[in-house]
Amino acid sequence: MKRIMILLSSTLLAVALVGCASNPVAPAESSTIQPAASAPVIPPADYVTSYADSDHYLLDVRENSEVARGVIPGANHIPLGQLEARISEIPAGATVVVYCNSGNRSRRAVNILNNAGHNQLLDLGGIMQWQGAGYDLVPLEN
């Protein structure tokens, strides 16, 4: 039953993303980590149940003004425009879960990370999906 619910929520997220994304990414099963060219987009509920309490690096690539409104708990902030210059801040070999506001910048970020040698990448999409699923934001911890 849990697998069916995960599959259903993944399908619903994919339909929502196709409707608002100019370059949609097909979802993969949340337990599969692939190179960035096909990094799975994971729904917020899958992140909370499968990754939030696991060892990973949660990366927010939004701008400072956007982050001032709050982040997903546990997030690290590196604006997309600074990501290449600050790539060394991301632990080598870590599973990296990336998000932005709507999902466009997170897709670009996973490509940058993949080109830098990170290969355990997941795309959480955007804050809009996170809040739409009923999850809260918290202030960024420095």
Side-chain angles (χ1 to χ4, degrees), residues 2-116 118-142:
K2 182 177 179 182
R3 184 171 171 89
I4 292 172
M5 293 304 294
I6 290 172
L7 182 60
L8 180 60
S9 65
S10 296
T11 303
L12 291 174
L13 179 64
V15 169
L17 288 174
V18 168
C20 66
S22 60
N23 184 18
V25 176
E29 289 195 34
S30 62
S31 62
T32 304
I33 298 174
Q34 303 170 356
S38 59
V41 175
I42 59 171
D46 285 4
Y47 172 77
V48 169
T49 59
S50 300
Y51 296 96
D53 292 329
S54 69
D55 188 25
H56 70 287
Y57 187 89
L58 180 60
L59 177 61
D60 185 325
V61 295
R62 296 177 299 150
E63 296 299 318
N64 292 335
S65 60
E66 296 171 294
V67 169
R69 291 178 273 171
V71 299
I72 294 173
N76 299 279
H77 177 236
I78 301 175
L80 181 63
Q82 298 175 17
L83 185 55
E84 289 183 82
R86 296 176 58 188
I87 204 88
S88 64
E89 295 178 32
I90 300 169
T95 297
V96 181
V97 180
V98 183
Y99 74 92
C100 62
N101 191 56
S102 67
N104 292 322
R105 286 174 284 181
S106 63
R107 280 192 299 277
R108 292 194 313 236
V110 293
N111 287 324
I112 291 169
L113 291 162
N114 187 55
N115 289 336
H118 292 274
N119 60 14
Q120 294 182 350
L121 302 168
L122 298 168
D123 188 346
L124 187 53
I127 287 291
M128 294 185 324
Q129 293 90 352
W130 181 262
Q131 290 181 301
Y135 298 108
D136 292 325
L137 301 178
V138 298
L140 179 66
E141 295 179 16
N142 292 329

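Taking every heavy atom of both residues into account, Ile87 and Ala116 meet most closely at CG1-CB, 3.7 Å. His118 approaches Val96 most closely through the heavy-atom pair ND1-CG2, 4.3 Å. Closest heavy-atom contact between Asn104 and Cys100: N-SG, 3.7 Å. Between Asp123 and Ser106, the closest heavy-atom pair is OD1-OG, 2.7 Å. Scanning all heavy atoms of the two residues, the minimum distance from Ala75 to Leu140 falls at O-CD1, 3.6 Å. When all heavy atoms of Thr95 and Leu122 are compared, the closest pair comes out as CG2-CD1, 4.1 Å.
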(request) Mind running side chain to side chain contact (heavy atoms under 4.5 Å, CB included) on Val48 and Trp130 for me, showing each step along the way? (result) CA-CA 10 Å; Val48 169; Trp130 181 262; 3.7 Å; yes
(request) Please lay out, stage by stage, how Leu80 and Arg108 fare under the test side chain to side chain contact (heavy atoms under 4.5 Å, CB included). (result) CA-CA 8 Å; Leu80 181 63; Arg108 292 194 313 236; 3.2 Å; yes
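Between Leu83 and Leu113, some side-chain heavy-atom pair lies under the 4.5 Å cut-off. When side chains are defined from C-beta on, Ile90 does not count as touching Asn76, because their heavy atoms never get closer than 4.5 Å. Counting only heavy atoms from C-beta outward, the side chains of Ile72 and Ile127 approach each other to under 4.5 Å. In this structure, Arg86 and Pro79 have side chains that are in contact, with non-hydrogen atoms separated by less than 4.5 Å. Between Tyr135 and Tyr47 there is no side-chain heavy-atom pair separated by less than 4.5 Å.
The local environment of CD in Glu89 is crowded, with over 12 non-hydrogen atoms from other residues, nucleotides or ligands closer than 6.0 Å.
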Would you mind writing out the side-chain donor-acceptor pairs for residues 58-65 within the sub-3.5 Å range, not counting sequence neighbours?
unit_1, atom_1, unit_2, atom_2, d
Asp60, OD1, Arg62, N, 2.8
Asp60, OD1, Arg62, NE, 3.1
Asp60, OD2, Arg62, NE, 3.0
Asp60, OD2, Arg62, NH2, 2.7
Asp60, OD2, Tyr99, OH, 2.8
Arg62, NH1, Glu66, O, 3.2
Arg62, NH2, Gly70, O, 2.6

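The backbone N or O of Tyr51 sits less than 3.5 Å from a side-chain atom of His56, completing a donor-acceptor pair. Between the side chain of Asn115 and the main chain of Asn111, a donor-acceptor pair closer than 3.5 Å is present. Without hydrogens or angle criteria, Gln131 side chain to Asp136 main chain gives no donor-acceptor distance under 3.5 Å.
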